[in-house]
Amino acid sequence: MNMDIFLTAEQIKRHAEFQDFAASNVEPFAYKWDRAQQIPDSAVSQLGAAGYLGANIPCEFGGRGWDVVTFGLLHEALGRSDSAFTGILTVQSMISAALLKWGTAEQRGKWLGPLAKGEIIGAFALTEPGTGSDLQSMATEFRRNDRTGGLVLNGEKKWISNGQKAGVFLVFGMLDRQPLACLVPRESDGFEIEPIDNMLGFRAAGLARLRFHEVPIPATNIVGKPGFALSHIAPIGLQYGRISTACSALGLLRACFEESTRYAASRKVSGQNLGDIGMIQSLIANMGTNLEAAKLLCWNACRAEDDHLPETFTTSMIAKYFASRAAVQAASDAVQIHGASGCHESSPVARFYRGAKITEIIEGTTQVHEFILGKTFVHNAIGDQRRQRPNPGV
Amino acid sequence: MNDSKNVKDIVRNFINNSINIDALGDDEDLFETGLINSLFAVQLMTFVERKFGVEIGGDDLHIDNFKSVSATAAFVVRKSSGQVA
């Protein structure tokens, strides 16, 4: 597809730069990082030096201040090489977006600069051992400390991306039965971080389990107000998380398509190219069509966020829902096309296969998206019928 | 400057269209009736910001600012005139 139709010259130029960065600094190392289940600090520093960790942070705070379409192109280009590596950017953008929107002037001044430059890595601590999508049931608790005027934090979080590297965590819990979000620095007393290894995919994403035992939290670390953490604070972060994940899945989908078509064009079977076989063509046709559809949905979601449209939350869900499912299908088909060689861990498509599944889980599972989108579409239809109904009073 | 009645009409229209109920009273509590979920809460916030050119920040997070059509409209008028919410 000719992207010139949908993107500006500046966006196309940046996308080429992002792809060059990924080809030089990510792609050659992705297999090694996956095996080591770790991304070296030097690679994260390169992200910071390039300004990518501050892609969505305004220039006044030391970020790049790029539009959301450019932000999406960055995540697509890196997602083409390594989903786990892109996950660092995903989470950094989530905590940055939440702070930018809801942080106090002091919090923005203190944290956004270091986050933009990669001097500190952030984590978004929402999920708990017993609470995934059902966020209202969070057991993590804040209680007031009358002596200090601050809070005390107790509880556990699990599956927290960037947890192994993060210097600051946006932690969600309950205060007097009201959801609350607070910034918790890594060095806080009573805060333990336990690495989680051996994940199916995103193995280098630095997942961790967090334990808070009587952690003192100064009142100045509260983000927003009690009662709004799940209705307003988290959704702003998750919005960037969904856009990032959708675009990263789009990159992974492109990776599957490019690897599959290249292999199908060169692999010989009974004297003909693999790609000349109808059943293989069918898999590739489906992959390529989904790739084009996912592109349109992703750029549409990015543009809705750029235009600050109320429907931006729905369009990002649609993009994430479609792109992640299409990535899973494409990765499965890419392994199928590659045969035995695609089943070995050294094959990129084997890594894509494991990574694709994770995109269906993070930032809201496919089923949560189906629940919300299905309800929204039916709800809209009811509204349309109501508006078309003649008013009996007239 | 955002006129109070005009703002209320626009907010009411957006909420009515979004939550699909026939007769929402201007002072009806959106939270108590369970009509607000997190998706709609941020959609309403984004609509208000875009439509009326105001920016909602952490200091504005009070239930009283968004609990009804009247409350949201009053908040927009106060915010537009530069008053602290």
Side-chain angles (χ1 to χ4, degrees), chain A residues 98-108 135-136 178-181 222-239 304-305 307-317 364 368-369 371-373 375-376 378-387 389 391-393, chain B residues 2 7 9-24 29-69 71-73 75-76 78-80 82 84-85:
Chain A
L99 276 180
L100 199 55
K101 179 65 184 164
W102 301 118
T104 62
E106 183 196 334
Q107 289 165 352
R108 292 200 296 263
L135 297 173
Q136 294 289 347
Q178 290 192 304
L180 179 71
I222 295 172
V223 178
K225 299 271 172 64
F228 290 89
L230 297 182
S231 62
H232 289 75
I233 316 296
I236 296 300
L238 289 170
Q239 168 71 353
E305 180 64 22
D307 291 344
H308 205 51
L309 302 177
E311 58 266 33
T312 183
F313 301 96
T314 314
T315 56
S316 69
M317 292 187 91
V368 165
H369 281 66
F371 172 73
I372 295 173
L373 289 173
K375 203 162 107 175
T376 301
V378 172
H379 186 86
N380 291 347
I382 293 168
D384 289 344
Q385 285 170 4
R386 193 165 54 84
R387 280 185 285 280
R389 205 184 307 145
N391 185 341
Chain B
N2 289 310
V7 170
D9 288 345
I10 293 169
V11 169
R12 185 192 308 113
N13 197 36
F14 177 78
I15 294 176
N16 275 338
N17 285 340
S18 300
I19 61 180
N20 284 336
I21 63 166
D22 282 321
L24 176 69
D29 193 315
L30 297 166
F31 293 92
E32 279 186 5
T33 52
L35 294 169
I36 292 270
N37 59 26
S38 64
L39 180 61
F40 181 64
V42 285
Q43 282 175 332
L44 175 61
M45 177 190 78
T46 307
F47 171 78
V48 163
E49 287 186 325
R50 189 170 196 270
K51 187 75 187 174
F52 303 109
V54 297
E55 190 170 350
I56 299 169
D59 290 341
D60 302 314
L61 289 176
H62 296 283
I63 292 287
D64 287 349
N65 284 340
F66 307 103
K67 70 179 182 184
S68 65
V69 171
T72 307
F75 166 74
V76 169
R78 280 201 312 278
K79 193 80 181 168
S80 303
V84 178

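Every heavy atom of this structure was used, including side-chain atoms; hydrogens, water molecules and symmetry mates were not. Reminder, nothing fancy here: chain letters follow the sequence lines and each chain counts from 1.
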What residue, out of Gln43(B), Glu55(B), Arg50(B), has the most heavy-atom pairs lying under 4.5 Å from chain A?
Arg50(B)

The interface call for Ile63(B) against chain A, heavy-atom contacts under 4.5 Å, is both

Check: residues 227-239 of chain A side-chain donor-acceptor pairs under 3.5 Å, at least two apart:
unit_1: Gln239(A); atom_1: OE1; unit_2: Ser316(A); atom_2: OG; d: 2.7
unit_1: Gln239(A); atom_1: NE2; unit_2: Glu305(A); atom_2: OE1; d: 2.8
unit_1: Gln239(A); atom_1: NE2; unit_2: Thr312(A); atom_2: O; d: 3.3
unit_1: Gln239(A); atom_1: NE2; unit_2: Thr312(A); atom_2: OG1; d: 2.8

For the backbone of Asp60(B) and the side chain of Lys225(A), can you confirm whether one donor and one acceptor N or O come within less than 3.5 Å of each other?
no

Of the backbone (N, CA, C, O) and the side chain (C-beta and beyond), which part of Thr104(A) lies under 4.5 Å from a heavy atom of chain B, both, or neither?
neither

